[in-house]
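Can you read through this structure? Questions will come right after.
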Amino acid sequence: MPPEKEETDEERNRASGEYQAMRKYREKYGFGAFAMSVYPEEMMRQAGAADLDANPNNKLMLELSKAQALAYIKARETCEGAAARKVLGLNVRSGADLLSQFITARDEAVAAELDSDPKLVELATAMATCLKGKGYAVSDTKPTAVADRGAPFAGEYAKFQRSGQPLTAQQARPYLNREIKAALDDLECGKDFYPEFEPRKLKIAQQVAQKFGRS
């Protein structure tokens, strides 16, 4: 097993909703969508891609033929599913199914607890009002919705990726500039909301992760 990626103090502060840490990130990367084309190596490192080299299995896979690699992936998925059923008591078919169920369970748990919290509802409503005042459309004022305003940018970026003609850094820069402005406006309007929402979201996600054998 490769070692777990160690979080930096800045990453921990950002995950806790600390304003300065979030601002520093958003000033350069926005919500983290189009930055994937402008700063691909940095974004991959942040996602832990550099740690893949620590797993010898990944190096072995590069030496396999396409057929061998597909067979290996299929066997690994089956094995991960079997391990989850035996050790965790989960009804999953494969590693991919395990991940899918984890994401669904995590999102449902976060929404169930935080979208009905009176204080967070009040803060989210105030944030939405602020964003509307800056000219942004806000159709959903639930806490989980206002905390996920980077989703449209991620969706827009994904369309370019699926088109078969990924954006170059130069092509992506205007989109990232627009995203950065939106991300900073979002942060200014949410500077009271995020310190309340993010730590609680993280705690719930960690509790769900334990049930699915994830760190």
Side-chain angles (χ1 to χ4, degrees), residues 7-40 42-43 46-47 103-163 167 169-208:
E7 285 187 324
T8 64
D9 289 340
E10 188 170 311
E11 287 172 329
R12 282 190 287 270
N13 289 338
R14 191 165 71 244
S16 70
E18 199 272 319
Y19 174 82
Q20 289 299 336
M22 293 184 71
R23 183 172 181 83
K24 182 178 180 181
Y25 180 91
R26 291 186 179 203
E27 283 176 338
K28 184 173 183 179
Y29 304 114
F31 290 110
F34 285 94
M36 289 294 296
S37 284
V38 179
Y39 306 107
E42 292 180 32
M43 297 301 288
Q46 290 177 26
I103 292 173
T104 298
R106 179 198 63 192
D107 292 349
E108 289 178 348
V110 169
E113 183 168 333
L114 302 189
D115 280 345
S116 59
D117 181 272
K119 184 175 183 179
L120 285 175
V121 169
E122 181 181 350
L123 290 171
T125 300
M127 179 177 170
T129 300
C130 175
L131 286 167
K132 290 176 182 177
K134 291 180 179 291
Y136 295 94
V138 183
S139 60
D140 191 343
T141 61
K142 292 195 301 291
T144 53
V146 297
D148 193 28
R149 292 187 54 78
F153 291 95
E156 185 180 10
Y157 180 73
K159 287 183 180 179
F160 281 106
Q161 297 301 100
R162 291 195 299 268
S163 71
L167 295 171
Q170 184 176 5
Q171 291 170 330
R173 170 52 72 176
Y175 293 97
L176 177 58
N177 290 341
R178 174 168 56 90
E179 181 184 337
I180 288 172
K181 182 182 185 307
L184 291 175
D185 285 341
D186 175 88
L187 180 60
E188 288 303 315
C189 287
K191 59 186 176 184
D192 293 326
F193 170 78
Y194 283 115
E196 292 289 336
F197 180 87
E198 293 296 336
R200 294 182 60 183
K201 173 187 174 183
L202 179 61
K203 183 178 180 180
I204 295 169
Q206 290 172 335
Q207 291 171 342
V208 175

Contact check, side chains of Leu167 and Met36, non-hydrogen atoms, under 4.5 Å = no
The side-chain contact (heavy atoms from CB on, under 4.5 Å) partners of Ala109 (sequence neighbours excluded) come to Ile204, Val208
**Request:** Could you label the plane-to-plane angle of the Tyr175 and Phe34 rings as parallel, tilted or perpendicular, counting under 30° as parallel and over 60° as perpendicular?
**Result:** parallel
By side chain to side chain donor-acceptor pair (under 3.5 Å), Glu18 pairs with (sequence neighbours left out) none
Check whether any side-chain heavy atom of Thr8 sits under 4.5 Å from a side-chain heavy atom of Glu11, and report yes or no.
yes
Sequence neighbours excluded, the answer for side chain to side chain donor-acceptor pair (under 3.5 Å) partners of Gln206 is none
Salt bridge (charged side-chain N to carboxylate O under 4.0 Å, His left out) pairs touching residues 106-116, sequence neighbours excluded, are Glu113-Arg200
Residues passing the salt bridge (charged side-chain N to carboxylate O under 4.0 Å, His left out) test with Glu198, sequence neighbours excluded, are none
(message) So Glu188 and Leu184, do their side chains get closer than 4.5 Å, heavy atoms only?
(response) no
Sequence neighbours excluded, the answer for salt bridge (charged side-chain N to carboxylate O under 4.0 Å, His left out) partners of Lys203 is none
The side-chain contact (heavy atoms from CB on, under 4.5 Å) partner of Leu187 among Met127, Glu27, Arg23 is Arg23
Please evaluate residues Arg173 and Asn177 with respect to the criterion side chain to side chain contact (heavy atoms under 4.5 Å, CB included), reporting the C-alpha separation (whole Å), side-chain torsions for both, the decisive distance (0.1 Å), and the verdict. CA-CA 6 Å; Arg173 170 52 72 176; Asn177 290 341; 3.2 Å; yes
Residue pairs meeting salt bridge (charged side-chain N to carboxylate O under 4.0 Å, His left out), one or both in residues 120-141, sequence neighbours left out, come to Asp140-Lys142
Checklist entry - Is any side-chain heavy atom of Arg26 less than 4.5 Å from a side-chain heavy atom of Asp186? => result yes
Lys28 NZ: over 12 foreign heavy atoms closer than 6.0 Å:
yes
What one should report as the nearest heavy-atom pair of Pro143 and Leu114 is CG-O, 3.6 Å
Residues at least two apart in sequence or cross-chain that pass salt bridge (charged side-chain N to carboxylate O under 4.0 Å, His left out) with Arg178, listed by chain then number, are Glu156
Residue set satisfying side chain to side chain donor-acceptor pair (under 3.5 Å) with Lys191, at least two apart, ordered chain then number -> none
Minimal heavy-atom distance between Gly190 and Pro195, with the atoms involved, is O-CD, 4.2 Å
The reported gap from OG in Ser16 to CZ in Arg12 (rounded to nearest 0.5 angstrom) is 10.0 Å
For residues 126-156, the ring pair (Phe, Tyr, Trp, His ring centres under 6.0 Å) pairs (sequence neighbours left out) are Phe31-Phe153
Using a 4.5 Å cut-off on heavy atoms from C-beta on, say whether the side chain of Tyr29 contacts that of Glu179.
no
Interatomic distance, CG@Asp185 vs CD1@Ile180, rounded to 0.5 Å, equals 12.0 Å
Does any part of the side chain of Val121, heavy atoms only, come nearer than 4.5 Å to the side chain of Ser116, both counted from C-beta? no
The side chain to side chain donor-acceptor pair (under 3.5 Å) partners of Tyr25 (sequence neighbours excluded) come to none
Legend entry - Test log, rule side chain to side chain contact (heavy atoms under 4.5 Å, CB included), inputs Glu10 and Asn13: CA-CA 5 Å; Glu10 188 170 311; Asn13 289 338; 5.5 Å; no
In short, Leu176 meets Ala35 closest at the heavy-atom pair CD1-N, 3.9 Å
Contacts of Tyr194 meeting ring pair (Phe, Tyr, Trp, His ring centres under 6.0 Å) (sequence neighbours excluded), chain-then-number -> none
Pair Ser37, Tyr157: side-chain N/O donor-acceptor within cut-off below 3.5 Å:
yes
